Amino acid sequence: PLLDTPGPKWDHSGLFRASRPRFPRKDGPVKKLVDALASLKLAVILLVVLLVGLSAGTILESRTDAATAGRLVYYSWWFLGLEGLFCINVACSLASHFPWGKKRAGFFVTHASLLLIFVGAALTYFGKEEGQLALWEGETGSVAVERDHQGNVLAQHRLPFAVKLDDFVLETYQGTMRPSGFASQVVVTDLDTGKSFPTRIFMNSPLHHRGWSLFQSSYQQQGGREATVLSVSRDPGPLVVFAGYATLVLGMVIVLLTRIGQAREREAALSKMTQGGISLPTMGKALVLLLALLTRAPAARAQSPADVE
């Protein structure tokens, strides 16, 4: 039958429990697959493996260089596959608990923030453009060249503005020729509007203009001339990742407030019980229990051994 027989039910201890319609649960293959991918055990295993991979990448980067660590760990097929599987795990966990309800608001926001961070990382991986812009003093350029670790040209990115190097400043430690810092005094001209403005690019002070970022990378000296080498990049992912971090903090705050609210509700219920007070819903449940006991008493007497004899 689709529905249980309505009416009061009794468990093995003889206590009354309210009955409610129950429908047969049919878990199809899709539901079973989602539940398997949403497994907490799978999430823990993936997190441990990812942490081990990150540790290996950090050690490899310290012993070799960032390009080698990126090629063998951070951007390798197996590490990206683990990240993708963890993203699927989080998404399936959200789907398996739908509808979430008010008490699961923190759960939803926290897990959704993880997906937002993964989206930002994917935008960086697939949409980031980067290269180098080398300029001698007095030279103007608007094309960033991307090269591999062997120096081969991979791509050229045309900037929406031109950069002219007016002056390159190299500072050294007193009494030595060791560089202590270097900076580029440049003039940036927008190719669409023709407007120009001067600015200074130096370590930890990049130029951000029209979605592109220019960092002071290195320099060259030859025949009494000086040149600057600027790292150029355009990355659509960081803003999305930062939004994910902010949402993650918000989700943790919501989870904390939800736990505090639940604890206060339990304390309030316990205080009512200890003070002997009774609320209307509790009184209604007591009346239903009393009526159920009264209706069950005649039937119990009819089935007693004395009546049978």
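Computed from a prediction, not measured in an experiment: that's the story for all the values here.
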task: Determine the minimum heavy-atom distance between L116 and V240, stating which atoms define it.
output: O-CG1, 3.5 Å
- prompt: Around atom CG of L239, are there more than 12 heavy atoms of other residues, nucleotides or ligands at under 6.0 Å?
  reply: no
message: With a sphere of 6.0 Å drawn around CD of Q221, does it hold more than 12 non-hydrogen atoms of other residues, nucleotides or ligands?
response: yes
query: Taking C-beta and beyond as the side chain, do L165 and E139 meet within less than 4.5 Å on heavy atoms?
result: no
- prompt: Between D35 and S39, is any pair of side-chain heavy atoms under 4.5 Å apart?
  reply: no
message: Please give me the minimum heavy-atom distance between P236 and L123, naming the atom from each residue.
response: CG-O, 3.7 Å
message: Quiz question: by atom type and distance under 3.5 Å, do the side chains of S196 and T189 form a donor-acceptor pair?
response: yes
- request: May I ask you to decide if the ring planes of F118 and F86 are parallel, tilted or perpendicular, using 30° and 60° as cut-offs?
  value: tilted
message: By the definition side-chain contact (heavy atoms from CB on, under 4.5 Å), identify the one residue from V255, I254, L248 that meets it with V109.
response: I254
query: Do R225 and E137 have side-chain heavy atoms sitting under 4.5 Å apart?
result: no
field: Ionic contact status for D148 with R71, cut-off 4.0 Å
entry: no
field: Shortest non-hydrogen contact between L135 and T140, atoms and distance
entry: CD2-C, 3.9 Å
query: Is it the case that more than 12 heavy atoms not belonging to N204 sit under 6.0 Å from its CG atom?
result: no
query: Is there a donor in the side chain of E61 and an acceptor in the side chain of T68, or the other way round, less than 3.5 Å apart?
result: no
task: Could you pull out the closest heavy-atom pair between K128 and D235, with the gap in Å?
output: CD-OD2, 4.0 Å
message: Looking at every heavy atom in both A112 and L94, which two are closest together, and how far apart are they?
response: N-CD1, 4.1 Å
- prompt: Any side-chain heavy atom of F215 within less than 4.5 Å of one from S205?
  reply: no
message: Can you confirm whether Y219 sits close enough to T228 that some side-chain heavy atom of one is under 4.5 Å from a side-chain heavy atom of the other?
response: no
task: Taking the side chain as every heavy atom from C-beta outward, state whether S233 and E129 have any atom pair closer than 4.5 Å.
output: no
Atom CZ of F197: over 12 foreign heavy atoms under 6.0 Å: yes
message: Are F202 and F182 an aromatic pair, judged by ring center distance below 6.0 Å?
response: no
Side chains of E130 and S231 in contact at under 4.5 Å (non-hydrogen atoms): no
query: Relative to each other, are the rings of H157 and W212 parallel, tilted or perpendicular (30° and 60° limits)?
result: tilted
- prompt: Considering only heavy atoms from C-beta outward, does the side chain of Q132 approach that of V229 to under 4.5 Å?
  reply: yes
